[in-house]
Each structure stands twice: as C-alpha cells, then as structure tokens.
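Quick notes on the structure that follows.
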Amino acid sequence: AEQHTEKVLRTAKALGVRYYRMNYFRYDLSKPIWPQLESWKPQLKELVALSKEIGIQPLYQNHSGKTNAGAPIWDVYTLMREYAPTELAFAFDIMHATVEGSESWPLEVSLVRDYLGVAYFKNFSFGDGKHATCPLADGVVKKDYVALLKKLGWSGPCSLHIEYLKGKVNDPGYLEEAIKATKTDFATLKEWWS
C-alpha cells in the first residue's frame with residue numbers, strides 16, 4: 001500500500017480533498033515506549049514533506065487501545081509539535097479520548113487545541129467492562145465537548161461517525177436504517193452546536 005501513497009494523495013488533492021487520515025502507529029509492549037516514538041520520526045517527516053508538496057494535510061486519529069499510539073494523546077502530540085498545525089494535525093476523536101481519559105478529555109483537547117484539524121463525533125456506552133458505540137444522544141460523550149471547542153474558538157470541520165449499526169449494507173432495510181440513524185445523529189449534533 002505504501003508504494004501507492006503518493007498516487008492516492010495526488011488523486012485525492014486533484015479531486016479537492018484537503019485532509020486525509022493517515023495510518024496508525026502501534027506499540028510493541030515488549031519494548032521500551034520512548035525509542036519507538038523516536039523511531040517513527042523519519043517516517044512522519046517523509047509523510048509530512050510529501051503531503052506539503054502535494055498540498056494535502058495528514059491527520060492522525062487518536063484511537064483507544066493499549067497498543068495504539070495516540071491513545072493517551074500526549075505521545076503523538078510530542079511528535080506533532082515538530083510541525084506547524086497546518087502540516088500535521090489530529091482528527092480528534094472525542095469518543096476514543098473519553099474511553100481512554102474518562103474525565104480528562106478537556107485537558108487533552110486543550111493541550112492539542114492548535115493541532116485540531118477535524119473534530120470527530122461519535123458516542124459510546126459502557127457495558128460488561130467494554131465500551132460499545134451508540135447513537136450520539138445516548139452515550140457518555142455530551143455537548144460539553146462542543147462547548148469547549150467553542151470556548152477555544154475552534155471552527156474547523158466536523159466528521160460524524162455512525163458506527164453502532166449492526167449488519168451489512170446489502171442486508172434488507174440496512175440502508176434505510178443507516179439514513180435514519182444519520183439524520184437522528186446529525187440533528188443531535190446540530191442541537192449541540194446551537
């Protein structure tokens with residue numbers, strides 16, 4: 001896939017795409033963490049340089065999980081600080097930040113405030129010791145995320161994710177259910193911003 005990166009990015013830019021979500025970095029927990037972060041710097045530098053040449057911005061999505069770089073936010077932020085926010089930023093996923101940080105997500109949003117490229121919106125609830133995605137209005141994430149974004153003066157793009165649907169796109173009724181869920185969650189998001 002890496003051999004096609006430049007072609008895909010140039011095609012995306014030609015089609016008017018301004019941002020893309022880059023690949024994740026993953027930790028090997030049997031090795032020290034800091035050297036792994038350092039080892040990703042050359043790869044990141046190359047990707048940022050290519051993206052800058054093309055005129056498209058890479059975004060790193062924070063994702064919960066014990067081996068995911070970016071789950072605790074600060075780790076990827078330390079790499080990101082070597083670049084301008086217009087060169088590399090977060091696709092900040094409030095659901096994953098809340099799964100990882102519970103009540104510390106406002107600290108994390110404030111920490112990376114200048115590096116917020118896109119605000120992801122989705123929600124979850126806890127059950128059986130795990131988190132499960134759910135409609136935007138029904139979960140742990142609340143509209144205080146929007147209130148903080150407003151307070152920080154953030155006005156970038158948002159991405160609404162509907163990840164809680166079961167089944168496949170070819171299943172009878174799935175498309176109708178997906179449209180209904182999207183309309184419902186979009187209405188919730190608009191209410192949060194009003």
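Owing to the predicted nature of the structure, the values given are computational and were not obtained by experimental measurement. Just so it is clear, the values below take in all heavy atoms, side chains as well, and ignore hydrogens, waters and symmetry mates.
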On the 0 to 90° scale, with breaks at 30° and 60°, tag the Trp40-Phe25 ring pair as parallel, tilted or perpendicular.
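Aromatic pair Trp40/Phe25 classed parallel.
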Between the main-chain N or O of [Y] and the side-chain N or O of [X], is there a donor-acceptor pair closer than 3.5 Å?
X      : Y      : answer
Asp185 : Thr182 : no
Tyr19  : Ala91  : no
Glu163 : Lys122 : no
Asp128 : Lys130 : no
Ser110 : Leu107 : no
Asn62  : Asp93  : yes
Glu100 : Gly65  : yes
Asn123 : Val140 : yes
Glu82  : Leu79  : no
Lys150 : Trp193 : yes

For [X] and [Y], work out which heavy atoms get closest and say how close.
X      : Y      : result
Asp114 : Pro85  : O-CB, 2.8 Å
Cys134 : Ser125 : SG-N, 4.0 Å
Val48  : Pro58  : CG2-CG, 4.5 Å
Phe124 : Met95  : CD2-CG, 3.2 Å
Ala12  : Ile56  : CB-CD1, 4.0 Å
Leu9   : Ser51  : CD1-OG, 4.1 Å

Using the side-chain hydrogen bond (donor to acceptor under 3.5 Å, both in side chains) rule, pick out the option among Gln61, His96, Arg26 that qualifies with Asn68.
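Output: one option passes, namely Arg26.
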Look at the side-chain heavy atoms of Ile, Leu, Val, Met, Phe, Trp and Tyr, link any pair under 4.5 Å apart, and say whether [X] and [Y] land in one connected group.
X      : Y      : value
Val112 : Ile94  : yes
Leu59  : Leu160 : no
Leu15  : Leu50  : no

Spatial distance of atom [atom1] ([X]) from atom [atom2] ([Y]) [nearest 0.5 Å]:
X      : Y      : atom1 : atom2 : result
Ile73  : Leu111 : CD1   : CG    : 8.5 Å
Leu88  : Met22  : CG    : CE    : 6.5 Å
Lys7   : Thr5   : NZ    : OG1   : 12.5 Å
Thr184 : Leu189 : OG1   : CG    : 12.5 Å
Trp154 : Leu149 : CH2   : CG    : 6.0 Å
Leu136 : Glu191 : CG    : CD    : 10.0 Å

pair [X]-[Y]: side-chain heavy atoms closer than 4.5 Å:
X      : Y      : answer
Val109 : Leu116 : yes
Glu108 : Phe90  : no
Phe186 : Ile162 : no
Leu152 : Leu148 : yes
Gln57  : Tyr20  : no

Run the side chain to side chain contact (heavy atoms under 4.5 Å, CB included) test on Trp105 and Val141 for me, step by step, so that the C-alpha distance in whole Å, both residues' side-chain angles and the decisive distance to 0.1 Å come before the verdict.
CA-CA 10 Å; Trp105 66 262; Val141 174; over 6 Å; no
Aromatic centroids of Tyr77 and Tyr115 separated by under 6.0 Å:
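Yes, ring centres under 6.0 Å apart.
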Are the aromatic ring centres of Phe121 and His161 under 6.0 angstrom apart?
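For Phe121 and His161, the ring centres are not under 6.0 Å apart.
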If you draw a 6.0 Å radius around NZ in Lys142, do more than 12 non-hydrogen atoms from other residues or ligands fall strictly inside?
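Yes - once you tally the heavy atoms of other residues, nucleotides and ligands closer than 6.0 Å, there are more than 12.
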Tyr24/His63 under side chain to side chain contact (heavy atoms under 4.5 Å, CB included): CA gap, chis, key distance, verdict:
CA-CA 9 Å; Tyr24 299 107; His63 201 285; 3.7 Å; yes
Side chain to side chain donor-acceptor pair (under 3.5 Å), that's the test. Do Tyr27 and Asp75 meet it? Break it down for me.
CA-CA 11 Å; Tyr27 292 115; Asp75 55 352; 2.5 Å; yes
Salt-bridged, Glu38 to Lys41, with N to O below 4.0 Å?
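A salt bridge is present here (some side-chain N lies under 4.0 Å from a carboxylate O).
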Salt bridge between Arg10 and Glu6, side-chain N to carboxylate O under 4.0 Å?
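Counted as a salt bridge, because a side-chain N and a carboxylate O are separated by less than 4.0 Å.
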Checking side-chain polar atoms at under 3.5 Å, does Thr98 have a donor or acceptor matched by the opposite partner on Tyr145?
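No, no side-chain donor-acceptor contact under 3.5 Å.
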